[in-house]
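Quick note on labels: first sequence line is chain A, next is B, and so on, each numbered from 1.
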Amino acid sequence: MDTFFDVLRRQGISRRSFVKFCSLTATSLGLGAGFSARMAHAMETKPRIPVLWLHGLECTCCSESFIRSAHPLAKDVVLSMLSLDYDDTLMAAAGFQAEAILDQTMKEYKGKYIVAVEGNPPLGEDGNYCMVGGRPFVDRLKEVCEDAMAVISWGACASWGCVQAAKPNPTKATPVHEVIRNKPIIKVPGCPPIAEVMTGVVSYILTFDRLPELDRMGRPKMFYSQRIHDKCYRRPHFDAGQFVEAWDDENARKGHCLYKMGCRGPTTYNACSTVRWNGGVSFPIQSGHGCIGCSEPDFWDNGPFYQRLSNIHPFMVEGTADSVGAKVAGGVGVAIAAHAAMSAVRQAQRAAPGSSSSSSKGDSK
Amino acid sequence: MANPSTTLPGVPDATGTEPHREGGGSVYVYQIPIRLWHWATVAAISTLALTGYFIGSPLPSVGGEASDSFLFGYIRSAHFIAGYVLAIGLVARTWWALVGNVHARQIYTVPVRDPKFLDELWWQVRWYSFLASEPRKHVGHNPLARLTMFFLFLQTALFLSVTGLALYSEGEGIESWQYKAFGWVFSLFGSSQRVHTLHHVGMWVMLLFVMTHVYAAIREDIMGRASILSTMISGWRNFRDTRE
């Protein structure tokens with residue numbers, strides 16, 4: 001089987017460019033200086049890991065992001081190095097021919113391939129809401145994952161459920177880790193995830209033959225251990241108390257903090273404020289729009305996006321914790337006032353001379 | 001319910017002498033740590049509610065250079081400090097429940113199977129519904145107050161402390177002891193934003209407790225048969241009559 005380097009050489013990529021890519025990837029993974037050599041060595045000597053890329057309920061934005069990985073070499077690098085044996089969106093083959101590749105890889109590389117899942121399986125109506133190759137996607141997912149080495153959950157869909165799992169979730173769309181329970185699963189959430197994060201994760205697995213260190217939620221620590229907010233370049237305005245109060249106001253032009261406009265940066269774990277998007281050009285906050293928290297679980301149900309406080313729905317009404325809380329507190333306040341008024345009447349009756357109920361009382365103040 | 005006033009060695013009496021009044025006698029109920037904790041918690045909750053509200057709905061934007069001002073930072077700092085006062089206070093209070101007098105553990109349990117408790121609870125409900133002509137005598141909390149303390153105060157304070165420490169751990173980083181100890185909160189509730197929302201709802205529940213607690217304390221102090229407000233200052237419960 002070809003090594004990654006063999007493939008690159010065949011494509012006419014110089015060793016110089018290859019080494020550049022290795023150092024860039026090592027740096028973006030937060031590894032030390034010695035690791036770029038180790039990475040180059042791994043890519044020159046190791047056989048490419050077969051990857052089966054499955055698509056369930058999704059919008060293909062993960063694939064779109066992935067193939068736009070910023071470094072000039074990245075798409076060649078990753079597509080070649082992965083030995084992407086099956087990806088029904090990208091592959092040339094179709095129909096029975098395509099499905100045959102899937103079966104072949106599963107047989108030949110039993111226990112050695114990686115399943116990358118984009119999208120998730122709907123479990124409603126026996127999985128019939130998502131049919132791939134004439135069968136429910138959930139069946140195929142289980143089948144392919146059975147002999148996999150590891151599973152990568154690409155994007156918010158596979159990791160958390162995303163929009164199709166938002167309330168009321170009519171198709172019962174379910175994240176991958178709730179269906180596949182006996183395999184190591186690495187979540188790379190985001191809608192879509194950042195391209196360099198995706199390629200970075202894959203490069204790490206290939207180089208070190210193991211999954212990167214994961215956090216409590218199963219996300220790679222190197223990209224998801226801090227919030228957007230922790231590295232946001234507008235953070236000084238947050239601490240100072242300088243906020244955008246309305247779209248296009250003076251503060252928006254000055255680039256103040258978007259917290260009051262509903263920015264989810266303080267509650268979102270992702271690398272947008274450091275890695276950024278489109279080759280490091282920008283990210284939502286830099287473009288003047290708050291973060292919507294697309295890499296967080298249930299972010300569709302924690303809206304509205306342009307309001308700091310999420311809406312809650314107690315007693316069939318909709319409002320923020322403040323608007324609902326104030327109404328309830330007002331109601332309790334009125335009840336207390338009414339009770340106090342009745343108590344005052346009762347106290348006056350008891351204190352009245354000759355009243356039978358208070359005659360035996362001692363001093364009642 | 002006869003209880004020795006100060007039974008613990010090394011714990012000084014509030015006044016040294018019994019401030020005996022005319023009436024039904026006095027019992028030393030709230031030891032010094034309880035009273036200190038009570039008022040520290042009052043200060044903490046007031047600060048937390050106010051700063052917490054402004055963290056959710058910030059004050060109008062300040063002008064000038066970002067480096068000239070740290071308003072939101074100070075508001076958040078005050079919230080964090082008061083939060084630690086509440087949380088550490090809760091731990092200290094729980095320790096005192098174990099070593100303090102019998103009244104110190106009252107709010108930690110609800111004897112739902114004790115017929116006497118249920119009987120007195122029913123009586124207290126009738127008293128608040130203007131159906132009983134007078135309340136019964138209680139050295140510590142009345143049964144309804146005890147229920148409220150246990151469910152509305154203790155559980156809410158615990159919930160706010162745990163979710164608060166979890167949210168605080170996000171700023172401290174996932175390697176911090178706070179995250180290691182309280183990171184499970186995010187696994188339980190899903191996302192950070194959801195925990196923020198629930199923490200905020202908890203504040204309103206606490207506010208409902210404060211409203212009913214203050215009202216009931218003032219009302220009982222006026223209409224009941226024993227001192228309430230002064231008891232949380234002096235520690236002594238003064239009864240106004242000698243009847244059962």
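Neither the backbone nor the side chain of B:I218 comes within less than 4.5 Å of any heavy atom of chain A. Neither the backbone nor the side chain of A:R234 comes within less than 4.5 Å of any heavy atom of chain B. Proximity to chain A (any heavy atom under 4.5 Å) is shown, for B:S67, by neither the backbone nor the side chain. Contact annotation for A:A335: neither backbone nor side-chain heavy atoms come within less than 4.5 Å of a heavy atom of chain B. Heavy-atom distances place both the backbone and the side chain of A:D301 under 4.5 Å from chain B.
Looking only at heavy-atom pairs under 4.5 Å with chain B, the residue among A:N251, A:N311, A:T320, A:T267 that has the most is A:T267. Counting heavy-atom pairs closer than 4.5 Å to chain B, the top-ranked of the candidates A:D215, A:D322, A:I336 is A:D322.
Under a 3.5 Å cut-off, the side chain of A:E245 and the backbone N or O of B:S61 do form a donor-acceptor pair. A distance-only check finds no donor-acceptor pair linking the side chain of A:K221 to the backbone of B:I174 [under 3.5 Å]. Looking at A:R350, its side chain does come within 3.5 Å of a backbone N or O of B:M223 through a donor-acceptor pair.
Annotation: side chain of A:P297 is not in contact with side chain of B:F186 (no heavy-atom distance under 4.5 Å). Side chains of A:R308 and B:H196 form a contact here, defined as non-hydrogen atoms less than 4.5 Å apart. Here the side chains of B:R194 and A:S310 are not in contact, with every heavy-atom distance at 4.5 Å or above. Between B:R76 and A:F238 the shortest side-chain heavy-atom distance falls below 4.5 Å. With a 4.5 Å cut-off on side-chain heavy atoms, A:V328 and B:L208 count as touching. For the pair B:P58 and A:K260, the minimum side-chain heavy-atom distance is below 4.5 Å. The shortest distance between side-chain heavy atoms of B:I55 and A:Y259 falls below 4.5 Å. Using a 4.5 Å heavy-atom threshold, the side chains of A:F299 and B:Q193 count as separate.
Here B:F72 and A:H237 keep their ring centres 6.0 angstrom or further from each other.
Within 6.0 Å of atom CH2 in B:W122, 12 or fewer heavy atoms from other residues, nucleotides or ligands are found, so the atom counts as exposed in its surroundings.
Counting all heavy atoms, side chain and backbone alike, A:A329 lies closest to B:M211 at O-CE, 3.3 Å.
For the residue pair B:Y215 / A:H339, a side-chain donor-acceptor distance below 3.5 Å is found, with atom types taken as modelled. There is a side-chain donor-acceptor pair under 3.5 Å between B:S191 and A:N302.
Along residues 145-159 of chain B, no residue comes nearer than 4.5 angstrom to chain A, judged on non-hydrogen atoms.
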